[in-house]
Number of protein chains: 2
Amino acid sequence: MILSKSCEYAIRASVFVAMKSKEHNRVGIGEVSEAIGSPRAFTAKILQTLVRKNILSSAKGPSGGFYLENADSLYLIDIVSATDGNGLFVSCVLGLRACSETQPCPVHARVKPIRDQLLTEFSNKPISDFVADLEKGKYHLK
Amino acid sequence: MILSKSCEYAIRASVFVAMKSKEHNRVGIGEVSEAIGSPRAFTAKILQTLVRKNILSSAKGPSGGFYLENADSLYLIDIVSATDGNGLFVSCVLGLRACSETQPCPVHARVKPIRDQLLTEFSNKPISDFVADLEKGKYHLK
DNA sequence: TTAATAGAGGACAAATTTGTCCTTTATTAT
DNA sequence: ATAATAAAGGACAAATTTGTCCTCTATTAA
């Protein structure tokens, strides 16, 4: 498992919210959790923190819900770093405090280009692209 | 964090044990945990499971300890899969049960080559190589 | 202005990971 | 044989992650 459960839910939920935002603007937590197959209350917490970090938006009251205005400028990396931090890309694979270019752990140099690729992959496709592909039926969220 | 704490300790401990095995054969858990800077009792548990899985060997009693006979045929992937399983390389990045080549999640295809690279990296250098480099002072384990 | 709606937030609970401590078992040397 | 040594193993504890439930607050529509 490469991302935390929270992060997995966060990504799937964000893509779904982005998709729904194109049409009738807002989507409730019930619809979200059902669509992505995640525990409702837990997902609510996660979306709550995404809103606090300005990744998603929300509105209370009737006809309220979650929405996303600019799916073109939101990237996977934003969601990943908001929920899991950047440890996946930078923290030492073997858990050494002092690991660095000058004082590397045994796998440091060999793994660096690989995690850089992952970082690039997470950074170069906006959520709107995922939505487009999802609508074409190329992908699943559950 | 890409590997579990247990796996980090397992790798560092195994490399250290492999290094010591070249000289005076066996090394006690105290020396291991001190050398790699890990909690002693917890590390003991971890080495215990590595022994059970035939990755390391051990001997009880005076002049006993942990050792490794064939560092040439032990690879990082053996330690990683023994402690963390193979989820890092195969389980869906977004946590979808049904994710597969034919029913992929939005990131499936793009991440696959990257995790394959990681798998290759973990598979192509025996622990003995790490020991050699470590003895040259190229690396650190703490 | 009131009732219904829906997210925000706090308290709590289960599960997993990480870690400690103490006893048992096997081995070695005296 | 016996004492010392060191891993094996079980029970327990702390910390973190994952998850639930209930109340509060804001908003909308009648």
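From a predicted model like this one, the values you see are computed outputs, not experimental measurements. The figures that follow rest on heavy atoms only: side chains count, while hydrogens, waters and symmetry mates do not. In what follows, every chain begins at residue 1, and chains take the letters A, B, ... in the order their sequences are listed.
Side-chain contact, B:Q103 with B:H108: no donor N or O sits under 3.5 Å from an acceptor N or O. Using modelled atom types, one finds no donor on one side chain facing an acceptor on the other under 3.5 Å when comparing A:T43 with A:S33. A donor atom on one side chain and an acceptor atom on the other are found under 3.5 Å apart for B:D72 and B:S128. Between the side chains of B:S4 and B:S6, no donor-acceptor pair is found at a separation under 3.5 Å.
Side-chain N/O atoms of A:S6 include one lying less than 4.0 angstrom from OP1 or OP2 on D:dT18. Contact annotation: A:Y9 side-chain N/O to D:dT18 OP1/OP2 distance is not under 4.0 Å. For C:dG9, the OP1/OP2 oxygens have a side-chain nitrogen or oxygen of A:R52 closer than 4.0 Å. For D:dA8, the OP1/OP2 oxygens have a side-chain nitrogen or oxygen of B:S58 closer than 4.0 Å.
Here the side chain of A:R12 pairs no donor or acceptor atom with the backbone of A:K142 at under 3.5 angstrom. A distance-only check finds a donor-acceptor pair linking the side chain of B:S21 to the backbone of B:L68 [under 3.5 Å]. Of the possible polar contacts, none joining the A:K138 side chain to the A:D133 backbone as a donor-acceptor pair under 3.5 Å is found. Without hydrogens or angle criteria, B:S123 side chain to B:I77 main chain gives no donor-acceptor distance under 3.5 Å.
Look at CE on B:M1: it is 13 Å from C1' on D:dT17, rounded to the nearest Å. Note: NZ (B:K60) to P (C:dA26) measures 5 Å, nearest angstrom. Taking atom CD of B:Q48 as the reference point, atom P of D:dA8 lies 5 Å away to the nearest angstrom. Rounded to an integer number of Å, the gap from A:N25 CG to C:dA6 C1' is 16 Å. The nearest whole Å value for the distance from the CG atom in B:L50 to the C1' atom in D:dA7 is 14 Å. Note: NZ (B:K5) to P (C:dT17) measures 15 Å, nearest angstrom. Following rounding to the nearest Å, B:I29 (CD1) and D:dG9 (C1') show an atom-to-atom distance of 14 Å. Rounded to an integer number of Å, the gap from CG of A:L47 to C1' of C:dA8 is 12 Å.
Listed by residue number, the members of residues 86-97 of chain A with any heavy atom below 4.0 angstrom from DNA chain D form an empty set. Using a 4.0 Å cutoff on non-hydrogen atoms, the parts of residues 30-46 of chain A near DNA chain C are A:K45, ordered by number.
Annotation: of the two residues near DNA chain D, A:C7 and B:G61, the 5′-most nearest-nucleotide partner is B:G61. Residues A:G64 and B:A59 both approach DNA chain C. Their nearest nucleotides, taken by heavy-atom distance, put A:G64 toward the 5′ side.
The two residues B:F130 and B:Y139 make their nearest non-hydrogen contact at O-CD1, 4.3 Å. The two atoms that bring A:Y75 and A:N124 nearest to each other are CE2-C, 4.0 Å, heavy atoms only. When all heavy atoms of A:I11 and A:V80 are compared, the pair lying nearest together is CD1-CG2, 4.0 Å.
Taking 4.0 Å as the cut-off between side-chain N and carboxylate O, A:E34 and A:R40 do not count as a salt-bridged pair.
If one axis is set at each end of the helix from C:dT1-D:dA30 to C:dT30-D:dA1 from five pairs, those axes are 0° apart, to 10°.
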